Amino acid sequence: MGFRKKFEVEPGTKVRLSKIDASYTGKHDTHEKALPDVQANVERMCKLQYLLYADGNQSLLVVLQALDAAGKDGVIRHLFSGMNPQGTSVFGFKQPSKFEAAHDFLWRAHVRAPSKGEVVVFNRSHYEDVLVVRVHKLVPHSTWSKRYDLINDFETMLSRNGTTILKFFLHISPEEQLARFKQRLEDPSRHWKISESDYSERELWPQYVDAYEDAMALTSTKRAPWYIIPSNHKWFRNLAISQIIADTMDEMGLKVPPTHVDIAAIRRKYHVAELEQKHGGKRRAKEFAKVA
Ligand code: AMP
Ligand code: MG
């Protein structure tokens, strides 16, 4: 079974994260065996991104959401670094600035959404407005509870405008998170990743699980599906996500666009230019000789 079918949150169904094994690796049992498949998927993604850019009629939006240390940064580094920077960008959603907070919650997502021909990755996203905002009670229940419908309408609009949307939740266990916090502590080159709030956020794990389950159940649609990716094993996470992205892009019907110029006429111009280059130099040399 393909990973798209396996990990997609079927629209209209409940989500129970406790029922999903974060350590799942399927028939792939080691990093070494999976690596060639990951590489092949990444190559497909790069080729298709070239076509997306050349075609200039559609776009791709990849949303990455997860609890701390689940590997959003790793996905971006491993899977998107081969794409052409011309036509690809990543935007990280932090706590909204005063300016951003003065707009509706979708405003800052809308201005960063991909234009035609672009691939954009959201590292966190407009979903924070029904996740961290809900868990920390930053707005009343009556406000965040209306946002699911607004998000669905927003994503429908993007999709009707030619944007393919893929949303990934990187699912790790609390044990794996703690192991990764430990690695960060023990490796000074990773100390910059440690945040004061890591442990207070960890204590809110059950509340985040509730918020994620609701968000995914209420906003997984055929146009903009959620995928829950078992992410305790980084290599499996990369394999599943790269395959889902490459398979989806494959179905976007991307091809090199037809030319708008008369190739036969351009070819004639080229031959004239070629002849001039070959013989023109001699002619100019004669003219120079006369002047001298
Ligand atoms: P990081 O991804 O580790 O750089 O952290 C970014 C932080 O910004 C996280 O703690 C997010 O929860 C927080 N954040 C992102 N969007 C929002 C939002 N709409 N409201 C409040 N906090 C947010
Ligand atoms: Mg963080």
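Every number for a ligand or one of its atoms is a count from 1 in the order of the listing. Note that the coordinates shown come from a computational prediction; the quantities given were computed from them, not determined experimentally. Count residues from 1 along the sequence. Worth knowing before you read on, the calculation uses all heavy atoms, side chains too, and leaves out hydrogens, waters and symmetry mates.
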* To do: Report the part of V133 (side chain from C-beta onward, or backbone N, CA, C, O) that has a heavy atom under 4.0 Å from ligand 1; answer both or neither where that applies.
  => side chain
Find all atoms of ligand 1 within a distance of less than 4.0 Å from any non-hydrogen atom belonging to [X], and give their numbers and elements.
X: D129; value: 19 (N)
X: V132; value: 12 (O), 17 (C), 20 (N), 21 (C), 22 (N), 23 (C)
X: Q95; value: 8 (O), 13 (C), 14 (N), 15 (C), 21 (C), 22 (N), 23 (C)

* To do: Mark the output for P96 as yes if a heavy-atom distance to ligand 1 is under 4.0 Å, and as no if none is.
  => yes
* Using modelled atom types only, decide if a donor and an acceptor are shared between the side chain of N232 and the backbone of S173 within a distance under 3.5 Å. => yes
* Asked: So, the side chain of K269 versus the backbone of A265: is there a donor-acceptor pair under 3.5 Å, distance only?
  -> no
* Any N or O on K94 sitting closer than 3.5 Å to an N or O of ligand 1? -> yes
* So, are E128 and R124 salt-bridged, with charged N and O less than 4.0 Å apart? -> yes
* Using the six-membered ring of Y227, assess whether NZ or CZ of R4 lies under 6.0 Å from its centre and within 45 degrees of the ring axis. => no
* Asked: Is the centre of the F99 ring less than 6.0 Å from the centre of the W107 ring?
  -> yes
* How about F154 and H126: are their ring centres within less than 6.0 Å of each other? -> yes
* Run down the list R108, R124, H126, E100 and name the one with the heavy atom closest to atom 19 (N) of ligand 1. => R108
